[in-house]
Every structure is written in C-alpha cells, then in structure tokens.
Amino acid sequence: MRENGILVSRTLAEVGKTVAPGVTTLELNRVAETFIRDHGAIPSFLGYEGFPAALCISVNDVVVHGFPSDYVLREGDIVSVDCGTLYKGYNGDSAYTFPVGEVDAETRKLLDVTKASLYEGIAAAVAGNRTGDIGHAVQTYAESFGFSVVRELEGHGIGREMHELPGVPNYGKAGKGTKLVDGMTICIEPMINAGNRGVYLARNGWAVHTADHRNSAHYELTVVVRKGHAELLSTFDYIENI
C-alpha cells in the first residue's frame, strides 16, 4: 500500500509537469499511463467498470470522472486529475486539482480551501473516531468559506480492491458513522463546489458536473487510521516540490 501511495503521488507530479495552456487532456493521460507502466504497475482505472482511460480528468465544472479528450487546456482553467494504480495486488489512489497558468482569486481560494479541508478531514482520521467526524471536519471547514460540499460522492476504504468499505462522506455529524480502527486504510477526497452543491450526471454515464456550471475542486489522499494521528500513504510533496 505504501509503494502504491508513492507511485500515484509521483505519477500526479509527472502530470503536473505537463499541465499548461495548449496541452490536451489526452496528453496528460498518456504521460500518466506511460509512467505507471514503466514502474511495473497497472493503471487501475483503465477498464474499471468500463472506464476508458488511465486517469479521471475533470476540467472546471466537472467534479469527477471526466474522460481525457482532445480538449485543449486554456489559461485560467482548473483540471482535477484522479489517479489509481494496481501493484503487487494492492491499490493506490490520489487526486489533485491543478491550476492551468494563472487563475483568478476566487478560483485560487477554492483550490486552497478544498485542499485544506482534506487535511482537516485527515486530522479526524484517528482510531476511535467515526467517519462522521471526518465528514463533519471537511464540511465545517469548506462551508465556513461559503463553498458547498458535494454529497452524492464520497471517499472509501481501499486495499486489494479499489473501492472498499467504509464509505467516507465529506459531510455529516461528529460521532456518527462507521467506527475507525487502527490500521484501516481509507481515501479521503473532498469534492467542493464554488457555487451550490447540486450536481448532475453527463449523458456518458460518468462525468459529474456542477448543476450551476461553476468550478469544482477535488483533492484526495490515502491514509492509514492510527491511534494518535493518521499516517499518509500518498502525498502531495512530489507535486509541490516541482
């Protein structure tokens, strides 16, 4: 699990090097798939329940599960990249929302708050707490800045399967939900909208869009629940050190 966590983290950093105005999202997908396979792993999203690519690439108002395409990134866009690996029988999963060139102040605030809300959730991922404590921490933080939490999608357990129990919502009441146990591996992944929390599913059956077509951001890390504080398996350090 640790090896997968590092691999997805490094893959997202390779994608981050490529994100720029004029680049297609298909090119981002190619970079990631090549890097994953070059390191002896399999891109676990490819073929997952019929998904056609190695990455979920979601631009601007697409919350999650966007398809890579011939879309050319433009200055001021944001692009959420979700990456999964399968290596030695276990899974890795992480996501990061990249600004494309310079973004406006409100968009930068959305990115910063969404990422910070993830760390608020991680701080609550300690043994003896419950999934509701994680969701409550994310929701309280994000909503305090006037943003909205998507409720139709959530984080999840992870291990030999990409998606395992428990579900990890990004909203909820403290003290409610599944009890967190030392050694449990989970993905925490806030999906935060600039506008209202409403979403809809695209006709392709995959991409989830904001109902008001305002931007949405998505950050995800894999963690191990521990007694004192959660242990990070994936990290944004490789991205942010570029």
Side-chain angles (χ1 to χ4, degrees), residues 1-25 27-41 43-45 54-59 64 68 73-88 90-105 107-123 125 138 141-142 155 158 185-192 215-224 226 228-242:
M1 292 294 291
R2 288 190 179 93
E3 290 177 61
N4 275 280
I6 295 302
L7 182 55
V8 291
S9 303
R10 292 180 61 201
T11 303
L12 286 174
E14 292 300 309
V15 172
K17 293 176 185 177
T18 310
V19 170
V23 175
T24 68
T25 57
E27 175 63 12
L28 303 184
N29 186 78
R30 185 197 65 77
V31 166
E33 182 170 359
T34 299
F35 189 82
I36 291 167
R37 293 191 187 280
D38 283 351
H39 287 80
S44 54
F45 291 0
L55 295 178
C56 296
I57 300 182
S58 307
V59 179
V64 286
L73 295 173
R74 297 176 294 185
E75 185 87 12
D77 283 345
I78 58 173
V79 54
S80 299
V81 180
D82 196 350
C83 178
T85 57
L86 178 62
Y87 183 61
K88 297 183 180 179
Y90 288 86
N91 284 275
D93 194 6
S94 191
Y96 195 92
T97 302
F98 297 94
V100 182
E102 294 296 323
V103 298
D104 61 47
T107 300
R108 170 47 65 187
K109 182 179 177 184
L110 173 66
L111 300 184
D112 291 344
V113 168
T114 304
K115 185 166 66 173
S117 76
L118 167 58
Y119 288 108
E120 293 291 318
I122 291 170
V138 172
Y141 188 84
I158 185 171
T185 49
I186 60 174
C187 291
I188 304 173
E189 50 179 319
M191 289 152 272
I192 308 298
N215 283 347
S216 184
H218 175 214
Y219 291 83
E220 175 182 17
L221 288 171
T222 303
V223 305
V224 185
R226 294 298 190 198
H229 55 82
E231 174 188 351
L232 295 182
L233 293 185
S234 55
T235 174
F236 297 146
D237 288 351
Y238 294 100
I239 296 169
E240 292 167 359
N241 287 338
I242 295 173

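Nothing here was measured: the structure is a model prediction, and the numbers come from that model. Counting from 1, the numbers follow the sequence of the chain as shown.
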Visitor: Distance check, rounded to the nearest 0.5 Å: T222 atom OG1 versus I158 atom CD1?
Guide: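 Taking OG1 in T222 and CD1 in I158, the distance rounds to 4.5 Å.
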Visitor: If you look at every heavy atom in A217 and L111, which pair is closest and at what distance?
Guide: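 Here A217 and L111 meet closest at CB-CD2, 3.9 Å.
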Visitor: List for me each residue that meets salt bridge (charged side-chain N to carboxylate O under 4.0 Å, His left out) alongside E231, sequence neighbours excluded, and say none if there are none.
Guide: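 With sequence neighbours excluded, E231 shows a salt bridge (charged side-chain N to carboxylate O under 4.0 Å, His left out) to R2, R226, given in chain and number order.
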Visitor: Are any non-hydrogen side-chain atoms of V103 and I78 less than 4.5 angstrom apart?
Guide: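 Yes. Closest side-chain heavy atoms under 4.5 Å.
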Visitor: Side chain of E102, backbone of E75: donor and acceptor closer than 3.5 Å?
Guide: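 Absent.
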Visitor: Look up atom OG1 in T11 and atom CD1 in I239, then write down how far apart they are to the nearest 0.5 Å.
Guide: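 The OG1 atom of T11 sits 10.0 Å away from the CD1 atom of I239.
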Visitor: Using ring-ring contact (aromatic ring centres under 6.0 Å, His included) as the criterion, list what pairs up with F35, not counting sequence neighbours.
Guide: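 For F35 the ring-ring contact (aromatic ring centres under 6.0 Å, His included) partners, ignoring immediate neighbours, are H39.
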Visitor: Under the salt bridge (Lys or Arg N to Asp or Glu O under 4.0 Å) rule, what pairs show up with a residue in residues 4-13, not counting sequence neighbours?
Guide: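 Of all non-adjacent pairs touching residues 4-13, none passes salt bridge (Lys or Arg N to Asp or Glu O under 4.0 Å).
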Visitor: What residues form a side chain to side chain donor-acceptor pair (under 3.5 Å) with T185, not counting sequence neighbours?
Guide: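 Scan of T185 (side chain to side chain donor-acceptor pair (under 3.5 Å), adjacent residues dropped) gives none.
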Visitor: Residues in salt bridge (charged side-chain N to carboxylate O under 4.0 Å, His left out) with D104, at least two apart?
Guide: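 Partners of D104 by the salt bridge (charged side-chain N to carboxylate O under 4.0 Å, His left out) criterion come out as none, since no residue qualifies.
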Visitor: Looking only at heavy atoms, what is the nearest atom pair of V100 and R74, with distance?
Guide: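 Scanning both residues, the minimum pair turns out to be CG1-O, 3.3 Å.
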Visitor: Just wondering, do I188 and L221 contact through their side chains at under 4.5 Å, heavy atoms?
Guide: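 Sidechains of I188 and L221: no contact.
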Visitor: With H229, which residues qualify under ring-ring contact (aromatic ring centres under 6.0 Å, His included), at least two apart?
Guide: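 Scan of H229 (ring-ring contact (aromatic ring centres under 6.0 Å, His included), adjacent residues dropped) gives none.
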Visitor: Mind checking whether F45 and L55 have side chains closer than 4.5 Å, heavy atoms only?
Guide: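 Not touching, per the 4.5 Å side-chain cut-off.
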Visitor: Report the residues that fulfil side chain to side chain donor-acceptor pair (under 3.5 Å) with S94, sequence neighbours left out, ordered by chain and then residue number.
Guide: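 Applying side chain to side chain donor-acceptor pair (under 3.5 Å) to S94 gives none.
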Visitor: Holding to ring-ring contact (aromatic ring centres under 6.0 Å, His included), I want the full list of residues that pass it with Y90, two or more places apart in sequence or in another chain.
Guide: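 Residues passing ring-ring contact (aromatic ring centres under 6.0 Å, His included) with Y90: none at all.
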Visitor: Are Y238 and L12 close enough, and set up right, to give a side chain to side chain contact (heavy atoms under 4.5 Å, CB included), and what steps lead you there?
Guide: CA-CA 8 Å; Y238 294 100; L12 286 174; over 6 Å; no
Visitor: Identify, with sequence neighbours excluded, every residue that meets ring-ring contact (aromatic ring centres under 6.0 Å, His included) alongside Y96.
Guide: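 By the ring-ring contact (aromatic ring centres under 6.0 Å, His included) rule, Y96 matches F98, Y219, F236.
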Visitor: Once side chain to side chain donor-acceptor pair (under 3.5 Å) is applied, do any residues pair with D82, and if so which ones, sequence neighbours excluded?
Guide: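 Partners of D82 by the side chain to side chain donor-acceptor pair (under 3.5 Å) criterion come out as none, since no residue qualifies.
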Visitor: So, for S234 and E220, which heavy atoms are closest and what is the spacing to 0.1 Å?
Guide: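 Answer, listing the atom of S234 first, then E220: OG-O, 4.5 Å.
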Visitor: Which atom pair, heavy atoms only, marks the closest approach of A142 to I192?
Guide: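 Reported closest heavy-atom pair: CB-CD1, 3.8 Å.
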Visitor: Work out which heavy atom in T114 is nearest to a heavy atom in H218; give both atom names and the distance.
Guide: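 Nearest heavy atoms, T114 then H218: CG2-N, 4.2 Å.
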Visitor: So do L28 and L73 actually touch side chain to side chain, heavy atoms under 4.5 Å?
Guide: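 Yes, at least one pair of side-chain atoms sits under 4.5 Å.
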Visitor: Taking only residues two or more places apart in sequence, or in another chain, which ones meet E120 in a salt bridge (charged side-chain N to carboxylate O under 4.0 Å, His left out)?
Guide: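 Listed in chain order: nothing, the list is empty.
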Visitor: Evaluate the side-chain proximity of V8 to D93: yes if any heavy-atom separation is below 4.5 Å, no if none is.
Guide: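 The answer is no; the side chains never approach within 4.5 Å.
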Visitor: For the residue pair A54 and P43, what are the closest heavy atoms and their distance?
Guide: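 Scanning both residues completely, I find the closest heavy atoms to be CB-CB, 3.6 Å.
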Visitor: Output all residues satisfying side chain to side chain donor-acceptor pair (under 3.5 Å) with N4, sequence neighbours left out; order by chain, then residue number.
Guide: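 In terms of side chain to side chain donor-acceptor pair (under 3.5 Å), with neighbours along the sequence ignored, N4 is linked to T85.
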Visitor: As an exercise, state the distance from OG of S117 to CG of D112, rounded to the nearest 0.5 Å.
Guide: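 So the OG of S117 and the CG of D112 are separated by 11.0 Å.
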Visitor: Can you tell me how far CG of N215 sits from CG of D77, rounded to the nearest 0.5 angstrom?
Guide: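 Output value for this atom pair is 8.0 Å.
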Visitor: For residues I36 and Y87, determine if any side-chain heavy atom of one lies less than 4.5 Å from a side-chain heavy atom of the other.
Guide: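 A side-chain contact is absent here, since even the closest heavy-atom pair is not under 4.5 Å.
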Visitor: How about V138 and L118: do any of their side-chain heavy atoms sit closer than 4.5 Å?
Guide: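 A side-chain contact under 4.5 Å is absent here.
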